[in-house]
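Notes to accompany the following structure.
Keep in mind that the numbers below use all heavy atoms, side chains included, and drop hydrogens, waters and symmetry copies. Note that the structure is a prediction, hence the values are computed from the model and not measured. A, B, ... follow the sequence lines: proteins, then strands. Residue 1 opens every chain.
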There are 2 protein chains.
Amino acid sequence: MTTRRDAVHDTLRQSESFRSAQDVYAEMRLHGAKIGLTTVYRALQALADKGSVDVLRTDDGESVYRACATDTHHHHLVCRRCGRTVEVAGPAVERWAETVGSEHGFTEITHTVEVFGTCSTCSAPAKTS
Amino acid sequence: MTTRRDAVHDTLRQSESFRSAQDVYAEMRLHGAKIGLTTVYRALQALADKGSVDVLRTDDGESVYRACATDTHHHHLVCRRCGRTVEVAGPAVERWAETVGSEHGFTEITHTVEVFGTCSTCSAPAKTS
DNA sequence: CAGATTTTGACAACCATTTTCATTCCGACG
DNA sequence: CGTCGGAATGAAAATGGTTGTCAAAATCTG
């Protein structure tokens, strides 16, 4: 019953960056998989609910997913050029969020933190030829 | 030429929380303003480009806008119940983002940080009657 | 193997946002 | 004044990612 879901998960695992549902769907079809777009969406949602993949929203409102190596709380350092993503921990940030929240009387603090930059490969001297 | 834009900006200023374009539009109409949805979208984008308002995406992909008091870099502590938003500074986070980025060879670091919680008003003992 | 249940996926429906395009404003200029 | 031209406006249509529908297919159960 989880065949499709696993297939989606596997496809995601083959990428180091965040991919959109449409993207994953297109790639699976390219590789000959027989799967419908609807199913990809459902699989992705199920995986996200289960916490097996991380989700975030691009600036243009698309949901993008990524299979992360660790299932403990972490954040992402994303290359804004190629999308390559590194998982990073930030104990300091966790504490800061908690502190800032309670200072203002907020409880049940959660937070979203994403860091963007240009990775070393992408910022390497651009070849003109 | 900026009449409409100012009207939108003013409407936004009257709220302590992030509002969607549709939301702002509805409210302006309620107060008798003669304005089109298209114009609200355009005004909001212009204001965002100019840096006069802050934008972020809700979990369901809507863009929401807020007129913030300061135009220096800051983050938001948002009540997940009522939406009330407090502007917070986080020097520690800024440094952390910068450090983590450069440790991995990333340059031109930027980041997004939002903190969510339940504010004191909303977490107050819920009256059953 | 029949019947119940879940999963799947083609297609239609949604809905926030954008685009299109005709109209209205408004200042510049004759 | 009158009108020409560009900017702004907004109603309506188009877009596009995502979700809902529903019948067919796969899988389970006894």
Side-chain angles (χ1 to χ4, degrees), chain A residues 1-12 15 17-67 78 80 83 85 112 114, chain B residues 1-12 15 17-67 78 80 83 85 112 114:
Chain A
M1 77 168 85
T2 55
T3 333
R4 304 291 174 176
R5 193 151 75 187
D6 286 343
V8 169
H9 200 177
D10 286 345
T11 302
L12 219 44
S15 175
S17 45
F18 280 90
R19 315 295 296 271
S20 73
Q22 310 265 356
D23 204 0
V24 169
Y25 170 69
E27 184 161 330
M28 292 183 77
R29 298 294 293 219
L30 267 187
H31 289 277
K34 290 286 198 308
I35 193 170
L37 181 55
T38 312
T39 306
V40 173
Y41 272 105
R42 276 193 290 243
L44 250 15
Q45 282 175 337
L47 289 167
D49 286 349
K50 206 161 61 92
S52 308
V53 301
D54 287 355
V55 199
L56 60 85
R57 293 262 175 186
T58 61
D59 284 341
D60 57 326
E62 247 183 324
S63 294
V64 287
Y65 306 83
R66 182 172 192 273
V78 185
R80 69 166 62 83
T85 299
T112 66
E114 306 299 335
Chain B
M1 76 168 82
T2 54
T3 332
R4 304 290 175 173
R5 192 152 75 188
D6 286 343
V8 169
H9 200 178
D10 286 345
T11 302
L12 218 46
S15 175
S17 44
F18 280 89
R19 315 296 296 271
S20 72
Q22 309 265 356
D23 205 0
V24 170
Y25 170 68
E27 184 161 329
M28 293 184 76
R29 299 295 293 220
L30 267 187
H31 289 278
K34 291 286 197 310
I35 192 171
L37 182 54
T38 311
T39 307
V40 173
Y41 272 104
R42 277 194 287 242
L44 250 15
Q45 282 176 337
L47 289 167
D49 286 349
K50 207 161 61 93
S52 308
V53 301
D54 286 356
V55 198
L56 60 84
R57 292 265 176 184
T58 62
D59 284 341
D60 58 326
E62 246 184 324
S63 293
V64 287
Y65 305 83
R66 182 173 191 273
V78 185
R80 69 165 63 82
T85 299
T112 67
E114 305 299 335

### Query
Counting N and O atoms only, with roles assigned by atom type, does the side chain of B:Arg19 sit under 3.5 Å from a partner on the main chain of B:Glu27, one being a donor and the other an acceptor?
no
### Task
Starting at NE2 of B:His9, measure out to OH of B:Tyr65 and round the result to the nearest 0.5 Å.
13.0 Å
### Spacing of NZ belonging to A:Lys34 relative to CZ belonging to A:Arg4, to within rounding of 0.5 Å
9.5 Å
### Summary
Given protein heavy atoms under 4.0 Å, the one-letter contact record of nucleotides 10-24 of chain D, with B base, S sugar-phosphate only and - none, is simply BBB----SBBB----
### Task
Rounded off to whole Å, could you give me the CG-to-P distance for the B:Leu56 and C:dA16 pair?
17 Å
#### Entry: Counterpart residues, side-chain hydrogen bond (donor to acceptor under 3.5 Å, both in side chains), relative to A:Arg42 (two or more places apart)
none
Enumerate donor-acceptor pairs with a distance under 3.5 Å from any side-chain N or O in residues 46-57 of chain A to protein atoms, sequence neighbours excluded.
residue : atom : partner : partner atom : Å
A:Lys50 : NZ   : A:Ser52 : OG           : 3.2
A:Asp54 : OD2  : A:His74 : NE2          : 3.0
A:Asp54 : OD2  : A:His76 : NE2          : 3.1
A:Arg57 : NE   : B:Asp59 : O            : 3.1
A:Arg57 : NH1  : A:Gly61 : O            : 2.9
A:Arg57 : NH2  : B:Asp59 : O            : 2.7

